[in-house]
Amino acid sequence: MLHRQIEQRLHAAVRTVLPDADTESLLVRPCPDTKFGDYQTNALMGLAKARKMNPRQLAADVIAQLDVAEWCEPVEIAGAGFLNFRLKPAAVVQMLAGAQRGEHLFFEKTSRPRTAVVDFSSPNVAKPMHVGHIRSTILGDCLARTLRLLGHRVITDNHIGDWGTQFGKLLVGWKRHLNRAALQANPIDEMERLYKTVNAACDADAAVLETARQELVKLQSGDVENLSIWREMIALSQRQFDEIYGRLGVKFDHTLGESFYNPRLKAVAEDLRARGVARESEGALVAFFDDIPALKDHPAIIQKSDGAANYTTTDIATLEHRLQTWQPDEIIYVTDGRQQLHFHQVFAIFRRGHAALPTRLAHVWFGSILGEDGKPFKTRSGETVKLADLLDEAEERALKVIAEKNPELPPEKQREIARIIGLGAVKYADLLPNRQSDYIFSWDKMLALQGNTAPYLQYAYTRVQSIFRKGGVVGGGAPEFQLTAPEEIHLAKHFLNFGIVLEAVAAEHRPNYLCNYLYDLAGHFARFYEACPVLKSTDAERATRLGLCVLTARVLRQGLDTLGIEVSDQM
RNA sequence: GCGCGAGUAGCUCAAUUGGAUAGAGUGUCGGUCUCCGAAGCCGAAGGUUGUGGGUUCGAUUCCCGCCUCGCGCACCA
């Protein structure tokens, strides 16, 4: 890609001027304002500062050694020492033509593929998936898609909650209160009912609580009946998970739940004890972090005083397993921000055994979804919002709008489009904000279908397709471009930044960069669309404009697909 | 108390290794469909980036203090 080629030439020039300089961090980025140029580097100012040099003089010296004439107009020094690069039209056209021929789509696969394990979603067995799972699921899926697109090896692993104390109560409920017909009709609702029933009974009667405890112990010690019930609960839950994932278009390579690691927990705990990472404290096995200021006052329990392991141990066992099985360069955990302390602890414990390991451990955390009142998002009656209901409502709301805007479409088609629009809106609303901030869930905003929303992007796509339909265009024409109108040029140059954005998403785990890029792309297209009639134009102008339409559609489609969002030819 | 976040336009949010005049959407007001889909486009108004210092050519970004809010902090996950 052009910015990278410019960057390499810049590095070479700097090495000539300053042979000992570390050029790794000298980046060429898009200009914040096109009036300055197309790309800039501000790194020379930092370099000059570190060496107490005059920044403008350094810039001049570098330019003297810099040869980018095949792509750029003469390079300019601006302000305190910015270098501004303006692309030659021929260079832009060459990029467009290459894309038109299918040689690339403005990004390149990495030359150094990495292996990344992405751990996300992690719903609990016997409970409905709810709104609390949506961000992890959508964010994780998007990161996995982005990394794959860039050519990395990605392993997605759903670490489901299929083990734990809740099964004591569930087993009591299953044995005492199970309604087979209800289970048949809606297994999750029935299991949730069982849990709530027994949970209430436990609060009222200590004997029930004791029974639950005993059922749990039986399960843990391998009781055949309890194991069989437990397996059935998992299977029923998995069916529900699969249905939701099917709707969301999310796939996992593996589903290794907590129970998978049970056989390893004892050994993990013993190993930590033996290596002195953890020691006895108040009857439990605990890891202390006296050398880490942030964790000094926050020890982690490895093994409870009753001998049972907890989730810290499970996560360490999981980590070890992933390392041995896949040898990842990076493991990405996509969870709620409230687990920050937990992962700090897990990572710290892990580092004590693998100090030299280059594996990058990333806790990609996100904020809470709040209701319009600023409090945790709940239904009117105070229940957590079930994911299935939320997706249903998104589709219903989208269907209403479509029926109104486009009543002549057959009902079947309307429903299909409503599905694409509704799910797209939900996903986009989740991916657009900075993941670390809480965001307020608002149907009206996400389905407003105006402003920076998925429907706006999908709408831009349908307008392109509409041009192709009207014009009877197939394939998109010849790869020849003559850019003249400013709207054509802005659109064309925006394509070129697709790869930069994808790489930023992968590096920082922030899909909102891609959302904003696509929103800008749709905006550039809309202005082009207003100013530059396509089908009415002729000859080279028409070929150029059709080509820009083709590329807009391709980038939009690829970009949205990377967000996990589908497009439709009509809406 | 300790730790992690957040505080930017009326509201919801951006801001790419510290970079150029802090940008969008929404809402408000105004313009724009005999023209490829107006779910669009154009324009106006709207800011002491919580607050006080510091670092420097340059700070929403880095450092320190303070204020407000959210979350977490040994046997739940």
Side-chain angles (χ1 to χ4, degrees), chain A residues 24-27 29-33 35-36 40 42-43 45-46 48-49 55 78-82 84 122 124 161 163-166 258 281-286 293-306 308 310-312 314-315 336-342 344 365 367-368 370 374 401-402 405-406 421 432-434 436-440 442 444-445 448-453 455-456 458-460 462-471 497 500-501 504 507-508 510 512-513 515-517 519-520 522-523 526-527 529-537 545 549 570-571:
Chain A
E24 200 60 25
S25 59
L26 303 182
L27 304 181
R29 310 267 75 172
C31 283
D33 189 325
K35 78 183 176 206
F36 298 124
Q40 64 160 264
N42 51 46
M45 290 182 283
K49 185 178 199 167
F82 296 91
N84 289 331
S122 312
N124 292 312
W163 197 252
T165 49
Q166 73 271 26
E258 292 165 2
S281 173
E282 295 175 31
L285 184 61
V286 182
L295 296 180
K296 198 171 183 305
D297 296 329
H298 302 291
I301 291 192
I302 299 297
Q303 200 171 61
K304 302 190 286 183
S305 50
D306 65 2
N310 67 354
Y311 77 137
T312 300
T314 308
D315 276 346
D336 191 281
R338 285 174 294 197
Q339 296 194 36
Q340 283 178 87
L341 176 59
H342 167 66
H344 273 154
W365 61 271
S368 308
L370 307 176
V401 180
I402 290 156
K405 296 264 184 193
N406 223 339
I421 303 289
L432 176 64
N434 180 327
Q436 286 171 328
S437 39
D438 295 345
Y439 84 92
I440 297 192
S442 162
D444 292 339
K445 290 223 172 67
L449 316 187
Q450 53 206 227
N452 193 351
T453 61
Y456 175 80
Q458 290 164 324
Y459 176 65
T462 63
R463 287 170 109 188
V464 182
Q465 297 306 317
S466 182
I467 289 176
F468 296 157
R469 264 200 310 279
K470 283 259 161 58
N497 294 336
I500 295 176
V501 171
E508 296 181 44
R510 294 191 187 276
N512 59 314
Y513 295 163
C515 294
N516 285 315
Y517 171 83
Y519 178 66
D520 288 339
R527 286 183 285 276
Y529 183 92
E530 294 285 328
C532 305
V534 177
L535 298 177
K536 284 182 185 166
S537 59
R545 293 177 177 179
C549 287
Q570 286 174 279
M571 63 188 268

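Chain identifiers are assigned alphabetically (A, B, ...) following the order of the sequence lines, protein sequences preceding nucleic acid strands; residue numbering begins at 1 within each chain.
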Base-pairing mate for [N] - Watson-Crick or G-U, with both contacts under 3.5 Å:
N: G58(B); result: none
N: C75(B); result: none
N: C4(B); result: G70(B)
N: C11(B); result: G25(B)
N: G46(B); result: none
N: G65(B); result: U51(B)
N: A20(B); result: none

Checklist entry - Which heavy atom of Trp163(A) sits nearest a heavy atom of Glu258(A), and at what distance? => result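 Here Trp163(A) and Glu258(A) meet closest at O-OE1, 3.2 Å.
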
Item to check | Non-hydrogen atoms of Thr462(A) and Met571(A) that approach each other most closely | outcome: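 It is CG2-CG, 3.6 Å.
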
What does [X] touch in the nucleic acid at a heavy-atom separation under 4.0 angstrom: a base, only the sugar-phosphate, or nothing?
X: Lys49(A); answer: base
X: Asp520(A); answer: nothing
X: Asp438(A); answer: sugar-phosphate

Checklist entry - NE2 of His344(A): more than 12 outside heavy atoms within 6.0 angstrom? => result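 Atom NE2 in His344(A) is not crowded, with 12 or fewer foreign heavy atoms closer than 6.0 Å.
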
Item to check | Upstream residue (5' side of RNA chain B) when Ala300(A) and Asn124(A) are each assigned their closest nucleotide | outcome: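 That would be Ala300(A).
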
Next on the checklist: Using heavy-atom distances to pick each residue's nearest nucleotide on RNA chain B, tell me which of Ala43(A) and Arg527(A) is more 5'.
Outcome noted: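 That would be Ala43(A).
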
Any [X] side-chain N or O less than 4.0 Å from OP1/OP2 of [N]:
X: Asn42(A); N: G58(B); answer: no
X: Ser368(A); N: A6(B); answer: no
X: Tyr459(A); N: C41(B); answer: no
X: Lys405(A); N: A38(B); answer: no
X: Lys470(A); N: G37(B); answer: yes
X: Arg469(A); N: G37(B); answer: no

Nearest of [options] to any side-chain atom of [X]?
X: Ser25(A); options: A38(B), U17(B), C75(B); result: U17(B)
X: Leu27(A); options: U17(B), G18(B), C75(B); result: U17(B)
X: Glu530(A); options: G72(B), C41(B), C36(B); result: C41(B)
X: Asn434(A); options: C36(B), A20(B), A15(B); result: A15(B)
X: Tyr456(A); options: A77(B), G40(B), C4(B); result: G40(B)
X: Asn84(A); options: A20(B), C57(B), G40(B); result: A20(B)
X: Ala284(A); options: C41(B), C75(B), C36(B); result: C75(B)
X: Tyr513(A); options: A15(B), G37(B), A39(B); result: A15(B)
X: Tyr529(A); options: A77(B), U17(B), G37(B); result: G37(B)
X: Ala80(A); options: C76(B), G37(B), G19(B); result: G19(B)

Let's test your reading of the model: under 3.5 Å, does the base of [N] pair with the side chain of [X] as donor and acceptor?
X: Tyr311(A); N: A77(B); value: yes
X: Asp336(A); N: A77(B); value: no
X: Thr462(A); N: A39(B); value: no

Given atom [atom1] of [X] and atom [atom2] of [N], what is their separation to the nearest angstrom?
X: Asp297(A); N: C4(B); atom1: CG; atom2: P; answer: 12 Å
X: Leu295(A); N: A74(B); atom1: CG; atom2: C1'; answer: 14 Å
X: Ile500(A); N: U16(B); atom1: CD1; atom2: P; answer: 14 Å
X: His344(A); N: C4(B); atom1: NE2; atom2: C1'; answer: 8 Å
X: Met45(A); N: A20(B); atom1: CE; atom2: P; answer: 9 Å
X: Glu508(A); N: A15(B); atom1: CD; atom2: C1'; answer: 12 Å
X: Leu370(A); N: C11(B); atom1: CG; atom2: P; answer: 16 Å
X: Gln40(A); N: G19(B); atom1: CD; atom2: P; answer: 9 Å

Rounding to an integer number of angstrom, what distance separates [N] and [M] when you compare their [atom1] atoms?
N: C11(B); M: U28(B); atom1: P; answer: 16 Å
N: A14(B); M: G25(B); atom1: C1'; answer: 10 Å
N: G27(B); M: U12(B); atom1: P; answer: 15 Å
N: A45(B); M: C2(B); atom1: P; answer: 47 Å
N: A77(B); M: U17(B); atom1: C1'; answer: 37 Å
N: A74(B); M: G3(B); atom1: P; answer: 16 Å
N: A59(B); M: G53(B); atom1: P; answer: 14 Å
N: G47(B); M: C41(B); atom1: C1'; answer: 26 Å

Examine distances only and state if a side-chain atom of [X] and a backbone atom of [Y] form a donor-acceptor pair shorter than 3.5 Å.
X: Asn406(A); Y: Ile402(A); answer: no
X: Asp438(A); Y: Gly367(A); answer: no
X: Arg510(A); Y: Ala504(A); answer: no

Checklist entry - Which way is the base of A74(B) turned, syn or anti, if we draw the line at 90° from 0? => result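 Because its glycosidic torsion lies within 90° of 0, A74(B) adopts the syn conformation.
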
Item to check | C69(B): syn or anti, per glycosidic angle within 90° of 0 | outcome: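 The base of C69(B) is oriented anti (glycosidic angle more than 90° from 0).
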
Next on the checklist: Apply side-chain contact (heavy atoms from CB on, under 4.5 Å) to residues Arg545(A) and Ile467(A) and explain how you reach the verdict.
Outcome noted: CA-CA 11 Å; Arg545(A) 293 177 177 179; Ile467(A) 289 176; over 6 Å; no

Item to check | From NE2 (His298(A)) to CG (Leu341(A)), nearest 0.5 Å | outcome: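 Rounded to the nearest 0.5 Å, the NE2-CG separation comes to 6.0 Å.
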
Item to check | CG-CG distance between Asn452(A) and Asn512(A), expressed to the nearest 0.5 angstrom | outcome: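 Separation between the atoms: 10.5 Å.
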
Checklist entry - Would you call the rings of Tyr456(A) and Tyr519(A) parallel, tilted or perpendicular if under 30° counts as parallel and over 60° as perpendicular? => result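 Answer is tilted, since the angle falls between 30° and 60°.
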
Checklist entry - For Tyr519(A) and A24(B), are the ring centres under 5.5 Å apart with planes inclined under 30°? => result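 No, aromatic ring not over the base.
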
